There are 2 protein chains.
Amino acid sequence: MQNKYIEIYKRIADQIQDGLYAPGTKLPSEHELMNQFDTSRETIRKALNLLAQNGFIQKIQGKGSVVLDAQKFDFPVSGLVSFRELAEKMGQRFRTHVEDLAYEKPAEEIRAKLQIPAGGHIWRVLRVREIDGERIILDKDYLNSTYVDHLTKEICEDSIYQYIEGDLGLTISFAKKEIVVEEPTEEDRRLLELNGHMNIVVVRNFVYLDDATLFQYTESRHRPDKFRFVDFARRSHGK
Amino acid sequence: MQNKYIEIYKRIADQIQDGLYAPGTKLPSEHELMNQFDTSRETIRKALNLLAQNGFIQKIQGKGSVVLDAQKFDFPVSGLVSFRELAEKMGQRFRTHVEDLAYEKPAEEIRAKLQIPAGGHIWRVLRVREIDGERIILDKDYLNSTYVDHLTKEICEDSIYQYIEGDLGLTISFAKKEIVVEEPTEEDRRLLELNGHMNIVVVRNFVYLDDATLFQYTESRHRPDKFRFVDFARRSHGK
DNA sequence: AAGTGGTCTAGACCACCTC
DNA sequence: AGGTGGTCTAGACCACTTC
C-alpha cells in the first residue's frame, strides 16, 4: 500500500473508532506493537505520534498510550477540510450554487494577496452553500491560474479540491487561516439568507501547495448562528 | 540544557526570526546540519519536523527546506496561548479585573463537562479583560480542584497558567477548542462594553494535563469586533 | 550521477512508573 | 527490578530534483 507507519496509523485509528480500544484504556506497548506489526520501534513510534497529533491517544512516559475519547462527534471542522467532506460527514443535506465563475485579471487587493505578477490571471469563483434548504455560506475563491488552466461550472459544483488533488495531481500541504467577525456587505445580504443577523463570520484561508507556493485565497462567509469551528491543539515546544 | 533536537529547533527558529535565513531561501541540507550541530541525521530531522509543524519551513523532497514568511506578525492566537502571553506579544495595554473567585460545588452543567464526581469541588473564576481601556473579553474559568488546592485574587490577576505550570509543576499538554457565535447574556451586557453589538464570540476550551486528565473548562467571551483567530494548519494524513 | 529529503532498521542509553 | 515511553546513533535503501 503506502508507507508502513501510515498503514499502522490508519489500522490503529480504525480500531479506536470501531471501539476495539475503549477510551481510557491503553494501547499495547510499543514493544508489543513491534511484534504485532513486525516492524522496528521507530516505525511504531511514528505511527503513535501521528495518533497523538490527531487526538486519538495521549502518550504518558513510563505508563503507556492512553486512548482518548475524542473523535466522538468532534468532526474535525479544523484544518484543511473542504465543505464537501464536511457536509458529507455531518450527513446534512447540502447544495452548492455557483453564482459566478470567471477567468480574469485580479483586483489589486487579490493580486497582492496571491502574489500574482502584474498581468497574470486568476480564476474567481463565487459559490453559495445551502444547508438544509437555507443559504448559509458564501464562498469566494481566487485561484492562481498558473496551476489550474481549466475550470468549469460542473467542477465547482462538485468539489474543487477533489479536482485539484485528484485530477490535476497537485498536493495541498498547509494553510494559514484567519477568523474574524464583520458586518455583512451588500453582496452577503443579496446572496445569503441572513434572517436579520447583523454580523457575519469571515474565514480567510491562504492555501499552499507541496512546494510552498501560494495557490489559493478563499473567503468563506458564514451566517453567525450556523458557524462552528472545532480545533484540537497539542502544545508545541516554546518559541 | 534540554533535548538536542529541541535545542536545534530553537536555534534555527531564532535564526529565521532574526532574518539570518530569509523567506524563500533554503536552509542548509540535512547533511550539512548534521556536521554543523555534530549530531545524527534523525535528530536533525526531528528538529526540522518541528520547524515545519510550526510553520517556519516547508520541506520539499529532493530540493531542501524552504524558509516560509510566516511568524511575521502572525502571532499564534492559535493553540494554547494564554491571554497574558498574547497581550504582551501584541504590545497592547491590557488589564485584568477579577470579578469573582469562588471555591464551590459546581453547577450540574459544569460538573458534567469537567467530569467531576458528585460532591467534588471546583474553582470558579470570572475575569474581565480590558484592552486599551475597553472591557472586551469575559473569561469564565472552571478548574478541577484536585490539582489546584489554592488560588488567590492575585494569581488570577497575573496568570493562572504561569501559576499552574511554573509554581504547581503541572504540564498542560493539549486542548479541545470550539468557536461559536451567540447572543450576549445579561452577564455579558453587564460586564462588557458591547457598544450595541448583538453577537458575542464564544471560545470554549477543554484543557488537559500531561496524563490526559481533564483539568479545566474555559469560556472566553469576546466582543465580535475585537475578535481575531489565526491558525496554521498542516494537512494531516487521511482519517 | 550527485544531491536532496523520506523511510526503515537494530541497537543503545535514559527517564519515569509500578511493584 | 522490570516495564514503559523518550532520545540518539549509524547505516541502509528509496524517491525525487537537478545537472
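Predicted model, so just to flag it, every value in this text is computed and none were measured. Lettering of chains follows the sequences in order, A, B, ..., and the numbering in each one begins at 1.
One finds no salt bridge joining Glu7(B) and Arg11(B) here, because no Lys/Arg side-chain nitrogen approaches an Asp/Glu carboxylate oxygen to under 4.0 Å.
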For residues 22-31 of chain A, run the donor-acceptor check on the side chains, cut-off 3.5 Å, and write out each pair with its distance to 0.1 Å, sequence neighbours left out.
unit_1: Thr25(A); atom_1: OG1; unit_2: Ala22(A); atom_2: N; d: 3.4
unit_1: Thr25(A); atom_1: OG1; unit_2: Ala22(A); atom_2: O; d: 2.5
unit_1: Ser29(A); atom_1: OG; unit_2: His31(A); atom_2: N; d: 3.4
unit_1: Ser29(A); atom_1: OG; unit_2: Glu32(A); atom_2: N; d: 3.2
unit_1: Glu30(A); atom_1: OE1; unit_2: Arg41(A); atom_2: NE; d: 2.8
unit_1: Glu30(A); atom_1: OE1; unit_2: Arg41(A); atom_2: NH2; d: 3.2
unit_1: Glu30(A); atom_1: OE2; unit_2: Arg45(A); atom_2: NH1; d: 3.0

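The distance from atom CG of Asp210(A) to atom P of dA15(D) is 17 Å, rounded to the nearest whole Å. Rounded to a whole Å, the NE2 atom of His31(A) is 12 Å from the C1' atom of dG2(D). Rounded to an integer number of Å, the gap from CD1 of Ile44(A) to C1' of dT7(C) is 14 Å. The nearest whole Å value for the distance from the CD1 atom in Ile6(A) to the P atom in dC14(D) is 19 Å. Atom CE in Met34(A) sits roughly 13 Å away from atom C1' in dG5(D) (whole-Å rounding). Separating the CD atom of Glu30(B) from the P atom of dG6(C) is a distance of 6 Å, rounded to the nearest angstrom. In this structure, Asn3(A) places its CG atom 18 Å from P of dG5(C), rounding to the nearest Å. dT17(D) atom P lies 13 Å from atom CD of Gln58(B), rounded to whole Å.
Considering only side-chain N and O atoms, Tyr5(B) lies under 4.0 angstrom from the phosphate OP1 or OP2 of dT7(D).
Within a 6.0 Å radius of CG in Asp167(B), other residues, nucleotides and ligands contribute more than 12 heavy atoms.
The shortest distance between side-chain heavy atoms of Val203(B) and Phe227(B) falls below 4.5 Å.
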Sugar-phosphate means primed atoms, P, OP1 and OP2; the rest is base. With that split, encode nucleotides 9-19 of chain C 5' to 3' as B, S or - using protein heavy atoms under 4.0 Å. BB-B--BBSS-
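Not counting sequence neighbours, the partners of Asn144(A) by the side-chain hydrogen bond (donor to acceptor under 3.5 Å, both in side chains) test are Thr146(A).
Side-chain atoms of Tyr142(A) and Glu109(A) include no donor-acceptor pair closer than 3.5 Å.
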